[in-house]
Amino acid sequence: MDILLIILTVILIVAAVMTIRKKDLVAAVISSSVVSLIASIYFYLLQAPDVALTEAAIGVGLSTIIFMITIRRTRRMEE
Amino acid sequence: MIYVFFGVIALALVLAGIRFVIGPTTSDRVVALDTMTTISTALLVLLGLFFKRYIYIDVALIYGVLGFVGVLTVARYLEGGL
């Protein structure tokens, strides 16, 4: 159980750093989706399944769609 | 016995995470995200079994229904539609 928590934390931190540092905005949006996924598992582990449900529906699904439509209307690369 | 399952799922998450970090193209990262969503669904079902609270499996159902929508949107963008 502890090794699972360590691995989840490492993936969460790496994905959060990639969200900030990436110049390709599509990769940054995918990294943000991974952060939301792992955070949802953490909410689930902390005995809050309703928060995990909302985080999964909004963070993984809805925000990715809105960000991709926005990138489509503007530029993909950040200078 | 259930700790063996946790170890297998942790190993699968590590492998998908490595491909997600070092993936050269965007398509590799999208496929890694989809793989991690599927592995997380299995992890949520296993945790519901571990906590002995079967109402928690509904969260895994929502994951299974809504998990692929973001991947579908990114794939549609890479194809040129959207």
Side-chain angles (χ1 to χ4, degrees), chain A residues 1-15 17-18 21-22 24-73 76, chain B residues 2-3 5-18 20-21 23-34 36-37 39-41 43-44 46-48 50-51 53 55-78 80-82:
Chain A
M1 201 67 193
D2 290 335
I3 187 76
L4 185 68
L5 290 180
I6 291 170
I7 286 170
L8 284 178
T9 310
V10 168
I11 292 175
L12 181 69
I13 292 172
V14 168
V17 170
M18 279 177 67
R21 301 292 293 177
K22 280 288 177 185
D24 188 1
L25 290 179
V26 178
V29 169
I30 297 168
S31 306
S32 145
S33 185
V34 171
V35 170
S36 180
L37 186 75
I38 306 293
S40 173
I41 297 175
Y42 261 103
F43 287 139
Y44 191 87
L45 279 170
L46 293 172
Q47 312 278 332
D50 45 353
V51 188
L53 206 70
T54 311
E55 180 76 29
I58 292 178
V60 181
L62 192 62
S63 72
T64 306
I65 296 173
I66 291 174
F67 277 131
M68 289 314 290
I69 290 173
T70 309
I71 290 172
R72 180 68 180 164
R73 298 280 171 87
R76 177 171 174 175
Chain B
I2 202 165
Y3 293 104
F5 298 151
F6 278 131
V8 170
I9 283 181
L11 179 64
L13 272 178
V14 165
L15 291 176
I18 287 172
F20 170 73
V21 171
T25 65
T26 308
S27 304
D28 289 329
R29 293 200 170 92
V30 173
V31 173
L33 171 66
D34 198 14
M36 285 171 78
T37 307
I39 294 168
S40 303
T41 307
L43 177 63
L44 292 183
L46 194 62
L47 283 172
F50 181 71
F51 288 140
R53 292 186 182 172
I55 193 69
Y56 280 14
I57 296 178
D58 292 344
V59 183
L61 273 176
I62 298 297
Y63 253 81
V65 169
L66 291 180
F68 74 99
V69 177
V71 177
L72 207 64
T73 310
V74 179
R76 186 79 178 148
Y77 171 77
L78 291 176
L82 198 67

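A note on names: the letters A, B, ... follow the listed sequences, proteins ahead of strands, and every chain is numbered from 1. Nothing here was measured: the structure is a model prediction, and the numbers come from that model. The analysis underlying the following values was restricted to heavy atoms, covering all of them including side chains, and did not include hydrogens, waters or symmetry mates.
Within the 4.5 angstrom heavy-atom criterion, only side-chain atoms of B/L43, from C-beta onward, approach chain A. Within the 4.5 angstrom heavy-atom criterion, no atom of A/D50 approaches chain B. For chain A, the nearby parts of B/F6 are the backbone and the side chain; heavy atoms of each come within less than 4.5 Å. Residue contact with chain B, scored on non-hydrogen atoms closer than 4.5 Å, is absent for A/I6. Interface remark: A/L37 contributes backbone and side-chain atoms alike to the contact with chain B (heavy atom separation under 4.5 Å). For A/S31, the parts lying under 4.5 angstrom from a heavy atom of chain B are both the backbone and the side chain. With a 4.5 angstrom heavy-atom cutoff, A/I7 touches chain B only via side-chain atoms. Only the side chain of A/M18 comes within contact range of chain B, with heavy atoms under 4.5 Å apart. Contact of B/R76 with chain A is not made at all, since no heavy-atom distance falls under 4.5 Å.
For chain B, the option among A/G61, A/S40, A/S63, A/A52 with the highest count of heavy-atom pairs below 4.5 Å is A/S40. The most heavy-atom pairs under 4.5 Å with chain B, out of A/A27, A/S33, A/A57, come from A/S33. Residue with the most contacts toward chain B among A/I69, A/T64, A/I30, A/V60: A/I30 (heavy-atom pairs, distance under 4.5 Å). Put simply, of B/L44, B/L66, B/L78, B/I55, the one with the most heavy-atom pairs under 4.5 Å next to chain A is B/L44.
When the heavy atoms of residues 67-74 of chain B are compared with those of chain A, the residues falling under 4.5 Å are B/G67, B/V69, B/G70, B/T73, B/V74, listed by number.
Summarising the geometry, atom CG belonging to A/L4 is positioned 9.0 Å from atom CG belonging to B/L46; distances are rounded to the nearest 0.5 Å.
Side-chain N or O atoms of B/Y56 include none that pairs as donor or acceptor with a backbone N or O of A/Y44 at under 3.5 Å.
In A/R76, the CZ atom is crowded: over 12 heavy atoms of neighbouring residues, nucleotides or ligands sit closer than 6.0 Å. Heavy-atom contacts from other residues, nucleotides or ligands closer than 6.0 Å to CZ of A/F67 number 12 or fewer. The 12-atom threshold is not exceeded at OH of B/Y3, counting heavy atoms of other residues, nucleotides or ligands nearer than 6.0 Å.
B/S40 is listed as a side-chain neighbour of A/I41, based on a closest heavy-atom distance under 4.5 Å.
When every heavy atom of A/L53 is checked against every heavy atom of B/V59, the shortest pair comes out as CD1-CA, 3.6 Å.
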